[in-house]
Amino acid sequence: MYGKMKEFLANELNSLEEQKLYKHERIIESAQGAEIVVNGKKVLNFCANNYLGLSSHPELIKAAHEMIDHRGFGLSSVRFICGTQDIHKELERKVSEFLGTEDTILFAAAFDANGAVFEPLFGPEDAIITDALNHASIIDGIRLSKAQRWVYKHGDMRDIEELDQASGKELKGLERCLKEANEKGCRFKVIATDGVFSMDGDIAKLDEICDLAEKYDALVMVDECHASGFMGKTGRGTHEYRGVMGRIDIITTTFGKALGGALGGCISGRKEIINWMRNKARPYLFSNSLAPAIVGATIKCLDILSASTELRDKLERNTKRFRKEMTDAGFDIIPGDHPITPIMFGKYENCSALAVEFANRMLQEGIYVIAFSFPVVPRGKDRIRVQISAAHDDAHLDKAIAAFIKVGKELKMI
Ligand SMILES: *Cc1c(COP(=O)(O)O)cnc(C)c1O
């Protein structure tokens with residue numbers, strides 16, 4: 001029976017290879033950190049979501065070991081049958097405290113949290129208004145609901161509609177979408193956005209979004225996966241960075257990036273919404289409870305970040321330094337504050353091949369970075385996306401910047 005599909009897939013996979021779109025995975029033979037081992041060689045990692053350097057932090061590892069000893073390896077149950085331990089409630093409490101919300105519900109991943117959050121809240125009489133560059137999991141979550149949807153041009157707050165030359169489509173600003181949803185008499189409206197967008201590292205204008213939400217009687221949902229733990233003065237996230245803590249109705253975030261880097265995510269926000277999720281969210285009701293080791297280490301992580309801003313401060317210093325020295329060296333860098341630092345190749349000839357060649361040469365120099373091309377980013381927006389970490393010391397940054405300059409000169413980019 002499989003024959004026809006086998007042939008089809010073999011052809012499709014070949015075609016991906018030919019288009020240089022096949023995803024080959026590099027194999028890492030060490031723990032995650034600033035220094036990793038690839039092909040038996042020690043290299044510096046500049047492309048992990050390990051923003052705070054906690055992925056292999058000794059205190060988190062110790063907390064995970066201890067929690068395995070005290071609460072076991074797994075729960076073999078969903079939360080509402082026999083999968084809720086005291087530590088799950090403790091983590092939910094600590095996440096709420098950290099984010100400044102009323103309550104929190106845990107999921108196996110932020111992908112699940114985003115997949116869960118829309119369907120129980122928004123039906124055909126409601127409106128979901130979503131940024132064009134939102135994460136795949138938000139897009140999928142919205143697809144699972146029966147709500148009406150409006151997509152607004154990335155980051156565009158205005159009451160406008162304009163023709164996009166590239167796609168030939170009409171693009172609307174957020175305020176225009178809100179007006180249209182009001183005219184249709186929608187019952188509930190929600191604006192959904194990433195807090196930080198992962199490809200450019202640009203930061204949602206949550207202050208303006210909250211103002212518009214108030215004006216048009218909408219809720220605000222923010223995905224904080226690339227922000228929780230380090231954005232804002234005390235690392236609470238984009239809502240702190242933009243001065244709108246307490247004004248966000250729904251936050252989703254991950255424990256798989258800055259907050260330890262293993263697995264897990266949550267929805268955090270208004271009390272009734274979280275209680276509704278405990279009763280209705282399908283990835284919560286029908287999927288296993290988070291493992292004790294992860295729960296224990298994530299609790300430890302939040303304790304560390306609540307006690308001191310040292311790690312996010314170091315990340316901020318590292319980010320400023322890297323961005324400044326790379327820009328001064330002549331690289332084309334999208335300006336900003338976020339540790340995601342995209343080095344753009346669009347202005348050079350054969351930019352896709354050049355970015356791949358650049359990343360390969362960087363690995364030979366002992367720096368692990370990855371080139372991003374279509375369809376992950378739009379055509380002509382090829383880039384190497386560097387991610388700075390608090391795990392990087394000055395010597396790591398010295399070496400990376402020197403390697404970028406060396407390869408940049410070899411390839412006649414600077
Ligand atoms: C990484 C990411 C997710 C998925 O997080 P997981 O916990 O790994 O499932 C969701 N949303 C955004 C914006 C992300 O960057």
Side-chain angles (χ1 to χ4, degrees), residues 23 25 32 47-52 54-55 60 91-92 95 98-99 104-118 128 130-144 151 154-155 190-206 209 220-231 237-239 241-242 248 250-269 277 281-284 287-291 293-295 297-298 301-302 336 338-342 370 372 376-377 383 385-389:
K23 294 197 165 37
E25 297 172 357
Q32 187 61 279
C47 58
N49 297 313
N50 182 20
Y51 292 113
L52 296 171
L54 291 170
S55 302
L60 267 65
L91 177 56
E92 289 177 340
V95 171
F98 188 78
L99 297 177
T104 298
I105 174 174
L106 303 178
F107 287 85
F111 208 107
D112 285 341
N114 285 333
V117 71
F118 297 101
I128 300 173
T130 173
D131 188 289
L133 291 192
N134 276 343
H135 189 263
S137 56
I138 298 182
I139 295 170
D140 286 8
I142 294 172
R143 278 187 187 142
L144 291 171
V151 181
H154 172 55
V190 63
I191 304 165
T193 181
D194 283 17
V196 171
F197 293 86
S198 62
M199 281 305 138
D200 288 353
D202 59 324
I203 302 164
K205 299 167 209 146
L206 290 186
I209 289 175
V220 179
M221 176 273 179
V222 184
D223 176 340
E224 284 284 272
C225 286
H226 284 284
S228 292
F230 58 96
M231 289 303 289
T238 314
H239 56 335
Y241 179 90
R242 292 289 190 206
I248 307 295
I250 303 168
I251 291 173
T252 58
T253 195
T254 183
F255 310 137
K257 290 187 171 113
L259 304 180
L263 270 183
C266 65
I267 305 171
S268 192
M277 290 299 147
R282 292 164 67 84
Y284 186 80
S287 185
N288 209 31
S289 185
L290 213 51
I294 290 175
V295 177
T298 311
C301 166
L302 292 174
H338 198 272
I340 290 173
T341 310
I370 291 281
F372 288 74
V376 182
V377 294
R383 70 196 59 196
R385 185 184 70 172
V386 170
Q387 286 171 285
I388 300 298
S389 168

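In this chain, residues are counted from 1 in sequence order. Just follow the structure's listing: the first ligand is 1, and inside any ligand the first atom is 1. The basis for the numbers below is simple: all heavy atoms, side chains too, and nothing from hydrogens, waters or symmetry mates.
- No N or O atom of S198 sits closer than 3.5 Å to an N or O atom of ligand 1.
- Shown in contact with S137 at under 4.0 Å from a heavy atom are these atoms of ligand 1, numbered in order with element: 10 (C), 11 (N).
- Using bins of under 30°, 30° to 60° and over 60° for the plane-to-plane angle, the ring pair H338/Y51 lands in the perpendicular bin.
- Among D194, D223, V196, D112, the residue whose heavy atom sits closest to atom 11 (N) of ligand 1 is D223.
- Listed by number with element, the atoms of ligand 1 under 4.0 angstrom from any heavy atom of H226 are 15 (O).
- Judged by distance alone, the side chain of T341 and the main-chain N or O of P339 form a donor-acceptor pair under 3.5 Å.
- Put simply, the side chain of N134 gets close to the backbone of D194: a donor and an acceptor are under 3.5 Å apart.
- Close contacts between ligand 1 and T254 involve ligand atoms 5 (O), 6 (P), 7 (O) [criterion: under 4.0 Å to a heavy atom].
- Between F197 and H226, the distance from one ring center to the other does not fall under 6.0 angstrom.
- For ligand 1, the polar-atom distance check against A110 finds a nitrogen or oxygen pair separated by under 3.5 Å.
- Given atom 9 (O) of ligand 1, the protein heavy atom at minimum distance is F111 N, 2.9 Å.
- Counting heavy atoms from C-beta on, the side chains of C266 and F255 come closer than 4.5 Å.
- Here A109 has heavy atoms under 4.0 Å from ligand 1 in both its backbone and its side chain.
- The shell of residues lying under 4.0 angstrom from ligand 1, judged by heavy atoms, includes K257.
- Counting only heavy atoms of the protein, atom 3 (C) of ligand 1 lies nearest to H135 CE1, 3.5 Å.
- With 3.5 Å as the limit, one finds a donor-acceptor pair spanning the side chains of N114 and T252.
- No side-chain donor from either of H135 and D223 sits under 3.5 Å from a side-chain acceptor of the other.
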